[in-house]
Amino acid sequence: MASLKRKVAVTGATGFIGAGIVRQLVLDGYTVRILVRPESMKKAAFPGRVEIIPGDLQNPASLNEFLTGADTLVHCAGVVRGATQATFERINSEAVRQLVTIASQKQDLHRFLLISSLAASQPHLSPYAASKRGGELAMDTAPSHLTCLALRPPAVYGPGDKELSPLFKAMARGFAPRWAPAENRFSLIFVTDLVSAVIRWLASPVPVSGIYELHDGHDGGYSMDEINAIAESVLKRRIRQVRVPAYLLDGIAMMNMALASVIPFQPMLTPWKLRELRYPRWVCDNSAFAGATAWEPEISFSAGLSLALAGDAQKHLAQ
Ligand SMILES: NC(=O)c1ccc[n+]([C@@H]2O[C@H](COP(=O)([O-])OP(=O)(O)OC[C@H]3O[C@@H](n4cnc5c(N)ncnc54)[C@H](OP(=O)(O)O)[C@@H]3O)[C@@H](O)[C@H]2O)c1
């Protein structure tokens with residue numbers, strides 16, 4: 001159990017991953033403070049013990065208040081969809097630079113954890129990938145009293161996720177859209193395993209610094225055929241893979257860009273996102289982080305798929 005005196009400031013608490021981090025920190029007895037945009041206050045209910053600072057990553061005054069008195073920052077906020085380079089750059093790189101600058105001036109603040117992304121390993125692919133790498137590079141300017149860690153998760157899934165959940169729901173209905181060649185491979189991680197990695201680092205007396213990849217323990221990642229086979233055995237039904245023609249995805253992506261130029265809309269599917277989706281090898285290696293911290297992932301894809309579907313169904317009923 002962590003000392004109640006440890007005060008952790010968390011960004012992105014209204015999001016999929018950040019909400020999980022906050023929930024576990026509270027359960028583990030940390031004192032938790034979150035930065036929430038005023039317009040997002042109603043998005044999630046937080047335990048009474050969580051201190052809420054209204055603010056925005058683009059508002060340095062609110063960041064200053066947010067970090068005053070905290071000894072650790074877990075920076076999980078980020079932009080994952082958008083149609084302009086500036087949208088990603090502003091939040092995923094610039095805001096990290098700003099946070100590093102402010103955190104460096106706080107003598108009590110000793111640890112800074114950034115939720116980066118495996119995408120940062122291929123910054124040439126898209127503005128998102130480049131902006132996540134930019135965030136990591138911003139940490140290089142931190143002074144020595146601030147131990148900085150960037151975690152690079154691959155695709156994260158679990159209850160509340162919006163990106164992979166449509167695929168899993170389609171699988172539960174008996175079909176799986178396929179958008180990339182069969183030989184492509186990718187790693188995955190269940191959200192609670194990412195959260196446990198964060199907690200493991202926070203709780204370690206001598207924290208490691210640097211950039212670390214994480215996955216669910218399945219070395220070498222998965223192909224879509226392997227995912228399909230696991231899903232068929234978990235869901236106990238045949239799942240038909242349906243190839244989505246490249247021209248259709250390209251067309252939707254172009255249409256989204258056109259729409260985003262005339263109405264306020266942050267699309268997920270863009271030509272850049274397609275470059276990411278078609279990248280052949282989103283495979284990572286978690287041995288360095290596991291070796292440095294003794295962290296171990298617990299949720300295999302077969303267990304995680306059931307948990308994700310059950311959790312989403314529960315959330316749906318609660319709404
Ligand atoms: N999900 C994945 O598969 C995955 C994989 C690798 C890395 N990551 C990284 O993990 C992080 C969290 O991802 P997620 O899936 O949890 O995303 P998410 O559900 O979209 O959550 C994003 C969070 O960032 C906050 N945020 C965005 N702009 C902000 C601003 N200007 N000021 C304050 N807060 C702001 C959002 O607040 P509002 O509620 O106010 O919008 C929200 O809490 C991101 O940095 C992402 O790059 C995610």
Side-chain angles (χ1 to χ4, degrees), residues 9-23 33-46 50 52-63 65-67 73-82 86-96 98-99 113-123 126-136 138-139 150-168 186-195 197-198 211-216 266-268 273 276-277 282 284 304 308 315:
V10 185
T11 66
T14 51
F16 162 52
I17 297 170
I21 293 174
V22 168
R23 212 173 301 124
R33 171 188 288 177
I34 59 178
L35 180 83
V36 181
R37 291 197 274 191
E39 65 271 25
S40 302
M41 285 288 178
K42 288 195 185 127
K43 268 195 186 169
F46 292 103
V50 172
I52 300 175
I53 306 290
D56 193 302
L57 287 172
Q58 297 186 85
N59 174 349
S62 66
L63 297 184
E65 183 191 356
F66 173 60
L67 293 182
L73 169 62
V74 176
H75 179 40
C76 186
V79 167
V80 295
R81 52 177 67 206
T87 308
F88 295 104
E89 169 71 21
R90 233 180 352 248
I91 300 300
N92 296 344
S93 306
E94 274 301 321
V96 184
Q98 184 77 63
L99 279 167
L113 188 155
L114 170 70
I115 301 291
S116 181
S117 167
L118 188 56
S121 65
Q122 304 298 331
S126 66
Y128 170 72
S131 69
K132 293 303 284 186
R133 179 66 188 135
E136 291 178 352
M139 298 183 97
L151 291 179
R152 283 183 175 177
V156 186
Y157 70 102
D161 150 55
K162 293 194 184 74
E163 315 311 335
L164 282 172
S165 150
L167 170 66
F168 298 158
F186 50 91
S187 298
L188 290 173
I189 190 164
F190 192 74
V191 64
T192 55
D193 278 335
L194 173 55
V195 170
V198 170
I211 298 174
Y212 290 88
E213 298 174 350
L214 296 173
H215 64 66
D216 63 1
Q266 303 297 347
M268 177 50 91
K273 180 51 73 179
E276 291 173 19
L277 287 173
W282 282 122
C284 57
K315 271 179 190 263

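Both ligands and their constituent atoms are indexed starting at 1 by order of listing. Numbering of residues begins at 1 and proceeds along the displayed sequence. Quick caveat: nothing in here was measured; it's all calculated off a predicted structure.
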Practice task
Would you check if the side chain of Asn92 reaches a backbone N or O of Val79 as a donor-acceptor pair within less than 3.5 Å?
Solution key: yes
Handout entry: Check: Asp56 main-chain N/O paired with Ser62 side-chain donor or acceptor under 3.5 Å
Key = yes
Exercise for the section: For the residue pair Val74 and Val22, establish whether any side-chain heavy-atom pair is separated by less than 4.5 Å. Expected result: no
Practice task
Determine whether Leu73 and Phe66 make a side-chain contact, defined as any pair of heavy atoms from C-beta on separated by less than 4.5 Å.
Solution key: yes
Of all the heavy-atom pairs spanning [X] and [Y], show the shortest one and how long it is.
{"X": "Ala130", "Y": "Ser93", "answer": "O-OG, 4.4 Å"}
{"X": "Val191", "Y": "Ile17", "answer": "CG2-CA, 4.3 Å"}
{"X": "Ser40", "Y": "Thr14", "answer": "O-CG2, 3.8 Å"}
{"X": "Gly158", "Y": "Phe190", "answer": "CA-CE1, 3.6 Å"}
{"X": "Leu151", "Y": "Ala197", "answer": "CD1-CB, 4.4 Å"}
{"X": "Leu57", "Y": "Ala77", "answer": "CD1-CB, 3.6 Å"}

Practice task
Report yes if some N/O of Val79 lies less than 3.5 Å from some N/O of ligand 1; otherwise report no.
Solution key: no
Exercise for the section: Report yes if Arg37 has an N/O atom closer than 3.5 Å to an N/O atom of ligand 1; otherwise report no. Expected result: yes
Practice task
Any chance you could measure Met268, atom CE, to Tyr128, atom OH, to the nearest 0.5 Å?
Solution key: 8.5 Å
Handout entry: Gly135 touching ligand 1 at heavy-atom level, < 4.0 angstrom
Key = no
Practice task
Take every heavy atom of Glu163, measure it against each atom of ligand 1, and state whether any distance is under 4.0 Å.
Solution key: no
Number the atoms of ligand 1 from 1 as they appear, then name those within less than 4.0 Å of a heavy atom of [X], with their elements.
{"X": "Cys76", "value": "11 (C), 12 (C), 44 (C), 45 (O)"}
{"X": "Gly12", "value": "23 (C), 24 (O), 43 (O)"}
{"X": "Phe16", "value": "15 (O), 16 (O), 19 (O)"}
{"X": "Val80", "value": "46 (C), 47 (O)"}
{"X": "Ile91", "value": "31 (N)"}
{"X": "Pro153", "value": "6 (C), 7 (C)"}
{"X": "Asp56", "value": "30 (C), 31 (N), 32 (N)"}
{"X": "Tyr128", "value": "7 (C), 8 (N), 46 (C), 47 (O)"}

Practice task
Considering only protein heavy atoms, determine whether one is less than 4.0 Å from atom 31 (N) of ligand 1.
Solution key: yes
Problem - Lys132, portion touching ligand 1 at heavy-atom distance under 4.0 Å - result: side chain
Practice task
Tell me which part of Ser116 gets within contact of ligand 1: side chain, backbone, both or neither, using heavy atoms under 4.0 Å.
Solution key: backbone
For [atom], what is the closest protein heavy atom, and at what distance to 0.1 Å?
{"atom": "atom 40 (O) of ligand 1", "value": "Ser40 OG, 2.5 Å"}
{"atom": "atom 36 (C) of ligand 1", "value": "Thr14 OG1, 3.9 Å"}
{"atom": "atom 10 (O) of ligand 1", "value": "Ile115 CG2, 3.3 Å"}
{"atom": "atom 3 (O) of ligand 1", "value": "Val156 N, 2.9 Å"}

Problem - Option from Glu136, His75, Lys132, Arg152 for which side-chain hydrogen bond (donor to acceptor under 3.5 Å, both in side chains) with Ser116 holds - result: Glu136
Heavy-atom distance to [atom]: which of [options] wins?
{"atom": "atom 48 (C) of ligand 1", "options": "Leu164, Ile17, Leu63, Val96", "result": "Ile17"}
{"atom": "atom 24 (O) of ligand 1", "options": "Gly15, Ala129, Gly78", "result": "Gly78"}
{"atom": "atom 26 (N) of ligand 1", "options": "Ala120, Ala155, Pro154, Ala77", "result": "Ala77"}

Practice task
With Leu214 as reference, evaluate Leu118, Leu194, Asp193 under the side-chain contact (heavy atoms from CB on, under 4.5 Å) test and give the passing residue.
Solution key: Leu194
